[in-house]
Number of protein chains: 2
Amino acid sequence: MDQTGEMVNKKRISESTIHRLSLYFRALSQLERENNETVSSKELAKREKLTPAQVRKDLSFFGSFGTRGLGYPVVELKNKIAAILGIDRSWKVALVGVGNIGSALVGYKEFTKQGFQIVKLFDNDQRKIGSNHKGIEVSDIDNIKEELTESDIELVILAVPAAVAQFVIDDVVRAGVKAILNFAPINLKVPDDIYLRNENMSMELEYLSFAMVNNHTPRKVR
Amino acid sequence: MDQTGEMVNKKRISESTIHRLSLYFRALSQLERENNETVSSKELAKREKLTPAQVRKDLSFFGSFGTRGLGYPVVELKNKIAAILGIDRSWKVALVGVGNIGSALVGYKEFTKQGFQIVKLFDNDQRKIGSNHKGIEVSDIDNIKEELTESDIELVILAVPAAVAQFVIDDVVRAGVKAILNFAPINLKVPDDIYLRNENMSMELEYLSFAMVNNHTPRKVR
DNA sequence: ATAATTTTGTGAAGCATTTCACATATTTGG
DNA sequence: CCAAATATGTGAAATGCTTCACAAAATTAT
Ligand SMILES: NC(=O)c1ccc[n+]([C@@H]2O[C@H](COP(=O)([O-])OP(=O)(O)OC[C@H]3O[C@@H](n4cnc5c(N)ncnc54)[C@H](O)[C@@H]3O)[C@@H](O)[C@H]2O)c1
Ligand SMILES: NC(=O)c1ccc[n+]([C@@H]2O[C@H](COP(=O)([O-])OP(=O)(O)OC[C@H]3O[C@@H](n4cnc5c(N)ncnc54)[C@H](O)[C@@H]3O)[C@@H](O)[C@H]2O)c1
C-alpha cells in the first residue's frame, strides 16, 4: 500500500472498460441462452458494436480467459466477468423516494436478476408511508439512519426531487451507506469515500438534440 | 463538403464535451435563479466538479463568450449553450411502451422544461390503447407508421421489453424518425443515419458494484 | 492614470484509451 | 502428422482527451 492507502501496482481500470464488461456480460448471457459453447472476440465485439481488439484488451486486464484458435468459453467467461463486476453475489438495496421513477424501479426484474435486490423503501409522504409496493412496506424517511444502520444494505437508489436530494443524501451517508445511484438532476456533494453515480436522462435527450441540429457524426454510440 | 457529405474543417466535438454542455446548462440555470450576472470558469467548474480549464476549453470549441477579468455573462451563455444543444426550440417526442418506466417518463416536467414535449403514446396492450395518460391518449402501435409519418415528431423514446425492441424500432425507423432514446437493455440495429442512444441503468449499478468490490478509485464521477 | 489583480482563450505538453500488427498457441482438415 | 486456418494476448503506435501554463485583455484598487 502507498500513503493514500491504494494498492500499488494495481492497474487503473478505466470507466469505459468497466462499462464494456457490463456489455460483455449481457452478450454472454444471450450467447448462453443460445447454447453457444465458445465465442470469439470478433463475435462478441459484433454483438455489442465494438472492435475485437477492444474486447481482447479489456479482458486482458483481468487475466487470460481464452484459447487461441478457439475463442472464449461462454459460461466460464460470463462467470468470471460476474465475479469481476461483483455481481456473483446479491446486493441489498434501499430505494428512497417512491414516486414516478422510484415506483418503476421497484420490482424491475432485470435488477434482481443481476443480484440487486431492493429490500427497503423510504419516503416522507404520510400517504405513502406504511403502504405496500411489490411486497415491500414504505418506511418513514425519518427512521432511515436507524433502519439502514441495523441492516445489511450497502447501496441506495435516490429518486427524490432535486430540491431535497442533498438533505436526503446527507442522511444516507450518515447511515453508513457507501454507494449511491442518484436520479435527481443535481450535483450532490458527498465525502471522498462514497461512490456516487448519476443517472441523467435529460443528458441523453440533449445529446440527441445536439446530434440532430449539428449533423454530428459520433465516434460511437453508447 | 467532402465525399461523405460531412462538413470539412468542422471540428469533431467529443461526446464528453457535449455531455458537459448539459451540465453547464444546468448550472447556469441555477446561477440565473440565484440572480448572478456573471460567472467565472472556476465557479462553473466547481458547481459541476470539473476543472476551470476544462470549462474554458469546452466553450472555446464554439466561440468566445467570456470577458477577461470578469467571466461569462450567465443568461447569455445559458442561451448560447441552449442554441448549441438545440434546446432553444421545442422537440415533439413520441413514447412507445406505456409500462412502468414509460409511465414515469410521461409528464416528467424536466423534459418539458428542456423543450422535449411528449405528445404521443403507443402501446400494443388492448387495455392500454385508448386510455389516457397525463392528457395523452394511447395509440395502437399498429398505426405507428401512419401516425408518425403525418406528425412533426422527430424523436422517439422506446420503453418496451427487450424481446420486442428490435421489431418496434424497425417500425419507428420506417416511420422516418431519426433519433431514438432506448431503455431496453439490448443492442439494437439501426441504419447508419439514425441517432440511437441507450439508457442502461444496470450498467451504473454494476459500476457501483465493481467499485465497491475492487476498491476502485475513479478518475471522476459521471 | 497606473499598477495590481483577475480571468479568458488557447497552443503545447501530458496522459489515457484505442487500434494496430504480429508472435504465439491451438484447432481443423487432409 | 503436417499444413493451413483461426484466434488470443500484448507491446507499440496512433489517436483522442485533459491539463498546463501563459500571453492578452479586461477589471479593480489606489
Ligand atoms: N419521472 C421521471 O421520469 C424522471 C426521470 C429522470 C429523473 N427523474 C428524477 O427523479 C427524481 C424523482 O422524480 P419523480 O418523477 O419520481 O418525482 P415524484 O415527485 O413522483 O417522486 C418523488 C418522491 O420522493 C418523495 N420525497 C420527497 N421528499 C422526500 C424526502 N425528503 N425524503 C424522502 N422522500 C421524499 C415524494 O414523496 C415522492 O414520493 C427527481 O429528482 C427527478 O428529477 C425523474
Ligand atoms: N422498469 C424499470 O425500472 C426499467 C428500468 C430500466 C430499463 N427498463 C427497460 O425498459 C423497458 C420497459 O420496462 P418496463 O418495466 O416499463 O416494462 P413494462 O412491461 O411495464 O412495460 C412495457 C410496455 O411495453 C408495451 N409493449 C409490449 N410490446 C409492445 C409492442 N410490440 N409495441 C408497443 N408496446 C409494447 C407493454 O404493453 C407495456 O405497456 C424494458 O426493456 C426494460 O428492460 C425498465
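All chains are named by letter (A, B, ...) in the order of the sequence lines, taking the proteins before the strands, and each is independently numbered beginning at 1.
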If the cut-off is 4.0 Å, is B:Tyr72 near the phosphate of C:dG9, judged by side-chain N/O to OP1 or OP2? yes
Just checking B:Lys189: does its NZ atom have more than 12 heavy atoms from other residues, nucleotides or ligands closer to it than 6.0 angstrom? yes
Side chain of A:Ser29, backbone of A:Phe25: donor and acceptor closer than 3.5 Å? yes
Could you tell me which residues satisfy side-chain hydrogen bond (donor to acceptor under 3.5 Å, both in side chains) with A:Lys178, sequence neighbours excluded, listed by chain and number? none
Within this structure, what is the CG-to-P distance between A:Asp58 and C:dA16, rounded to whole angstrom? 17 Å
Take atom CD1 of A:Ile13 and atom P of C:dC15, then tell me their distance rounded to the nearest Å. 19 Å
Is any NZ, NE, NH1 or NH2 atom of the basic residue among B:Arg26 and B:Glu110 found under 4.0 Å from an Asp or Glu carboxylate oxygen of the other? no
So, is A:Gln54 close to the C:dT19 phosphate, meaning a side-chain N or O under 4.0 Å from OP1 or OP2? yes
Between A:Glu43 (CD) and D:dT6 (C1'), how many Å, whole number? 15 Å
Length of the line joining A:Leu77:CG and D:dT8:P, which is rounded to integer Å: 11 Å
Rounded off to whole Å, could you give me the CD-to-P distance for the A:Glu15 and C:dT17 pair? 10 Å
Proximity to DNA chain C (any heavy atom under 4.0 Å), residues of residues 28-42 of chain B only: B:Ser40, B:Ser41
Test side-chain contact (heavy atoms from CB on, under 4.5 Å) on A:Tyr72 and A:Arg56 and set out the steps. CA-CA 10 Å; A:Tyr72 301 91; A:Arg56 296 200 299 276; 3.7 Å; yes
Between A:Tyr108 and B:Asn100 (side chain of the first, backbone of the second, donor and acceptor by atom type, cut-off under 3.5 Å), is there such a pair? no
Provide, to the nearest angstrom, the distance between the NE2 atom belonging to B:His19 and the P atom belonging to D:dC17. 13 Å
For D:dT15, does OP1 or OP2 lie under 4.0 Å from any side-chain N or O of B:Arg12? no
Counting just side-chain N and O atoms, does B:Ser64 come under 4.0 Å of either OP1 or OP2 of C:dG9? yes
Find out whether B:Leu77 and B:Leu59 are in side-chain contact, i.e. whether some heavy atom of one side chain is under 4.5 Å from a heavy atom of the other. yes
Measuring only between side-chain heavy atoms, which start at C-beta, is B:Leu105 closer than 4.5 Å to A:Met201? yes
How long is the line joining NZ of B:Lys57 and P of D:dC17, in whole Å? 12 Å
Any protein N or O atoms within reach of nucleotides 22-26 of chain D? Criterion: under 3.5 Å, listing atom names and distances.
from	atom 1	to	atom 2	distance (Å)
D:dA24	N3	B:Arg68	NH1	2.8
D:dA26	O4'	B:Arg68	O	3.4

Please confirm whether the shortest side-chain N or O distance from A:Ser14 to OP1 or OP2 of C:dA16 is below 4.0 Å. no
Candidates A:Leu148, A:Val173, A:Leu95, A:Val168 - the one meeting side chain to side chain contact (heavy atoms under 4.5 Å, CB included) with A:Val156: A:Leu148
Take the protein atom CG of B:Leu50 and the nucleotide atom P of D:dT18, then report the distance between them rounded to whole Å. 10 Å
Given C:dT10, D:dA12, D:dC17, the nucleotide with the shortest approach to the side chain of B:Ser60: C:dT10
